[in-house]
Amino acid sequence: APGGSDGRYVYYRKTTVRCIASGVFVTPASIQYNKDDKHSAWMVFGSVKKPGILGATQSFHLEHETGGNADIKRVQQFEYFRKQLNNMAAKYNVPLKNVSHHGDANSQGMVYSMAKSNDLVRSFDIGTDIRQLDFATLNKWKPPVKENHIDYQFYAKGTESTIAGQYNDP
């Protein structure tokens, strides 16, 4: 979608959805770790074939350093991005059940726990067709590792999902 930056983009199929608005959220200095700003590309979209159906999504990247303070910053960064996207969804009248938060949390539990406390669920928790559940992440930088996830797809509790999986970068 237009407006992506710093490696954060929202990719979409133009024959399926149309971009209504898009951009990038950047973490404020107060929640950055070692002055490392983090970005989340976002998009509000509509269905090409079913006018009136709206959704919003984002692709975030949270702090990658290790340690307790970095863990706290990751949770704060996710909470900031979650609120920003929810505000954008409200601006365009997108129901929360049509809002998704996707990205590299670099966290094996704290971000997931915070998301659950905000009534969000992982795609792996609700999908009916689960693929590659046991991989923490799939990317071109390191081989697949079987452990707790660090990449997440979150949806509002009550959302239905069919396929949930992780795939290697193209």
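This one's a predicted model, so the numbers in the text were calculated from it and none came from an experiment.
Screening residues 9-34 for salt bridge (Lys or Arg N to Asp or Glu O under 4.0 Å) gives no qualifying pairs among residues at least two apart or on separate chains. Pairs engaging residues 43-54 under the salt bridge (Lys or Arg N to Asp or Glu O under 4.0 Å) rule: none recorded [sequence neighbours left out]. Evaluation of the side chain to side chain donor-acceptor pair (under 3.5 Å) test over residues 81-95, restricted to residues two or more places apart or in two chains, returns E79-R82, R82-N118.
For the pair V99 and A89, the tightest heavy-atom approach, listed with the atom from each and the gap, is CG2-CB, 3.7 Å. Here the shortest heavy-atom pairing between T57 and S100 reads OG1-OG, 2.8 Å. Taking all atoms of both residues into account, the shortest heavy-atom contact from Q58 to H101 is NE2-ND1, 2.8 Å. When all heavy atoms of A56 and V94 are compared, the closest pair comes out as N-CG1, 3.9 Å.
Note: H61 and H64 have parallel aromatic rings, judged against thresholds of 30 and 60 degrees for the angle between ring planes.
Legend: residues meeting side-chain hydrogen bond (donor to acceptor under 3.5 Å, both in side chains) with S59, ordered by chain and number and at least two apart, are R8. Taking F25 as the reference, W42 meet the ring-ring contact (aromatic ring centres under 6.0 Å, His included) condition, with sequence neighbours excluded.
Interatomic distance, CG of L96 versus CG of L85, reported as 9.0 Å (0.5 Å rounding). D104 CG to S40 OG: the interatomic distance, rounded to the nearest 0.5 Å, is 11.5 Å. Between H39 atom NE2 and F60 atom CZ the span is 15.0 Å, to the nearest 0.5 Å. One finds the CD atom of E63 at 10.5 Å from the CG atom of D37 (value rounded to the nearest 0.5 Å).
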Which atom pairs, donor and acceptor, lie under 3.5 Å between side-chain atoms of residues 26-36 and protein residues at least two apart or in another chain?
from, atom 1, to, atom 2, distance (Å)
T27, OG1, K38, N, 3.0
Q32, NE2, T27, O, 2.8
D36, OD2, K38, NZ, 3.0

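Using a 4.5 Å cut-off on side-chain heavy atoms (C-beta onward), N98 and L54 make no contact.
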